[in-house]
Amino acid sequence: MRVNTGKILKNDKSLLLAYDHGLEHGPRDLNLQTVDPKFNFDIALDGMYDGVITQHGIAEKYYKSYYKDIPLIVKLNGKTSLPNISPISKQLCSVDRAIKLGATAVGYTIYAGSPLEPEIFQEFSKIVEQAHDYGMPVMAWMYPRGPGISDEDTNVLAYAARMGLELGADILKMKYNNDFEGWKWIVKCAGRAKILISGGEKMLEEDFIRKSEEIMKTGVAGMAVGRNVWQHDHPLAMSKALRKIVHENMNAHDAEKVYEAEIHKQK
Ligand code: FBP
């Protein structure tokens, strides 16, 4: 079965823009500017991202023909942060609907270690089967979560990465726990599944740029960032710096200069 990851991974590297927070976290992550999905699709286009991630509702209303150069990744499951239930995020959109919306790939969150893991695995496996029949890549958010499960533990993260590979995911979206050496092992455990790291909560520009350089040095394939791009005052300058780090192995020092130069140009 040939899965075409080439539109999202360029020379096995990728920088994606994530914008599914309106459902996952609610408007607390958004402001008057970022609440408009168009603002974020424009960043994805002008920032030359390798893909943009949204829920199907946003894709249907905002992924217009002029954005077609940015591959769309439709998140097939989702949940809010409101109910206090066991970690599970059920499928809300089919692979066929994602294709009709123009998706190049589909995404799904797996809560590794959840008491509802069997149900999650079964749902995910059907998605892999359907998407791969179309040659469509599947991206899995491998987030360890559940009673007694730590998403900071390198062994648990390595297990989650391996799970993603075993379950047929092509790309894994994971959170970095700052264990630089440990991540080299996590990358090995993922085998041919490519890992992209989430951005996390917004931090100072220089800190995020430095962290991104460290992340790329672990051997992961790239980053799938949300808040650390679109919550920033200069999202396009940050995008350019990240692109240099991810696609050109630029170091943080030089990437910061790129960031400053971009801001200067915009003035
Ligand atoms: P950020 O880069 O903004 O951290 O986004 C990453 C992400 O995976 C989003 O795609 C998703 O909405 C969110 O984090 C979910 O995180 P959590 O389950 O920890 O609230």
Side-chain angles (χ1 to χ4, degrees), residues 8 14-31 34-35 37 39-41 43-44 47 49-59 72-90 92-93 103 105-114 116 120 138-146 149-153 156-157 160-161 164 169 171-178 195-205 207-209 211-212 215-216 220-232 235 238-239 241-243 245-246:
I8 289 174
S14 187
L15 176 64
L16 304 181
L17 190 69
Y19 185 66
D20 58 337
H21 305 61
L23 181 66
E24 297 290 329
H25 299 162
R28 74 174 144 97
D29 276 356
L30 308 170
N31 64 21
T34 59
V35 75
F39 177 79
N40 297 283
F41 274 111
I43 295 173
Y49 278 81
D50 302 306
V52 61
I53 302 161
T54 71
Q55 276 288 338
H56 62 99
I58 298 281
L72 173 70
I73 297 125
V74 172
K75 192 73 200 305
L76 298 187
N77 64 346
K79 62 156 196 52
T80 71
S81 51
L82 297 175
N84 187 12
I85 53 172
S86 283
I88 187 163
S89 180
K90 291 286 283 184
L92 310 169
C93 174
V106 289
Y108 186 96
T109 300
I110 292 178
Y111 291 125
S114 163
L116 299 169
I120 296 170
V138 178
M139 181 164 163
W141 278 233
M142 297 306 305
Y143 287 177
R145 202 160 295 180
I149 305 289
S150 161
D151 63 357
E152 293 281 320
D153 182 328
V156 174
L157 288 165
I171 301 170
L172 313 177
K173 186 170 192 284
M174 298 183 69
K175 295 186 188 183
Y176 186 62
N177 68 346
N178 299 311
I195 300 180
L196 306 181
I197 300 291
S198 302
E201 280 181 26
K202 185 189 165 209
M203 54 182 92
L204 284 176
E205 284 85 1
D207 292 344
F208 190 62
I209 287 173
K211 186 172 171 181
S212 302
I215 284 170
M216 289 310 296
V220 298
M223 302 183 66
V225 182
R227 292 163 288 180
N228 269 290
V229 170
W230 44 257
Q231 284 184 350
H232 267 298
M238 178 57 89
S239 303
L242 292 179
R243 219 169 57 236
I245 294 171
V246 169

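One is the number of the first residue; the rest follow in order along the sequence. We count ligands from 1, going down the list as the structure has it; atoms in each ligand are counted the same way.
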For Thr109 and Lys75, does a side-chain donor sit closer than 3.5 Å to a side-chain acceptor?
yes
Short side-chain to backbone donor-acceptor contact, Trp230 and Leu30, under 3.5 Å:
no
Just go through Tyr19, Tyr143, Trp230, Tyr111 and tell me whose heavy atom is the nearest to atom 8 (O) of ligand 1.
Tyr143
Structural part of His25 in contact with ligand 1, heavy atom criterion under 4.0 angstrom:
side chain
Any donor-acceptor pair under 3.5 Å from Asn40 side chain to Thr34 backbone
yes
Would you find a donor on one side and an acceptor on the other, under 3.5 Å apart, between the side chain of Asn177 and the backbone of Asp151?
no
Does any N or O of ligand 1 fall below 3.5 Å from an N or O anywhere on Trp141, backbone included?
yes
Between Asp50 (side chain only) and Leu15 (backbone N and O only), is there a donor and an acceptor less than 3.5 Å apart?
yes
Taking atom 9 (C) of ligand 1 as the reference point, the nearest protein heavy atom with its distance:
Asp20 OD1, 3.1 Å
Check whether any heavy atom of Lys75 sits under 4.0 Å from an atom of ligand 1.
no
Okay, side chain of Asn77, backbone of Leu92: is any donor-acceptor separation there less than 3.5 Å?
no
State the atoms of ligand 1, each with its element, that fall below the 4.0 Å cut-off from a heavy-atom position in Lys175.
16 (O), 17 (P), 19 (O)
I need the nearest protein heavy-atom contact for atom 5 (O) of ligand 1: residue, atom name and distance, please.
His21 NE2, 3.0 Å
Sub-4.0 Å atoms of ligand 1 with respect to non-hydrogen atoms of Val225
2 (O)
Should the proximity of Arg227 to ligand 1, defined as any heavy atom under 4.0 Å, be assigned to the side chain, the backbone, both, or neither?
both
Arg227 backbone acceptor or donor facing Glu201 side chain under 3.5 Å
no
Using side-chain heavy atoms (C-beta onward) and a distance below 4.5 Å, is Asp20 in contact with Thr54?
no
Between the side chains of Ser239 and Tyr49, does any donor sit under 3.5 Å from an acceptor?
yes
Would you mind running through ligand 1 and noting each atom that sits below 4.0 Å from a heavy atom of Gly226?
1 (P), 2 (O), 3 (O)
Hey, is the main chain of Ile88 close enough, under 3.5 Å, to the side chain of Ser114 for a donor-acceptor pair?
no
Taking only non-hydrogen atoms of Arg145, do any sit less than 4.0 angstrom from ligand 1?
yes
Ligand 1 to Glu201 polar contact by distance, N or O atoms, under 3.5 Å
no
N/O to N/O below 3.5 Å, does that happen between Ala18 and ligand 1?
no
Could you tell me whether some N/O pair between Glu24 and ligand 1 is separated by less than 3.5 angstrom?
no
Close N or O approach (Gly200, ligand 1; < 3.5 Å)
yes
Checking a contact table here: which protein heavy atom is nearest atom 6 (C) of ligand 1, and how many Å away?
Lys173 NZ, 2.9 Å
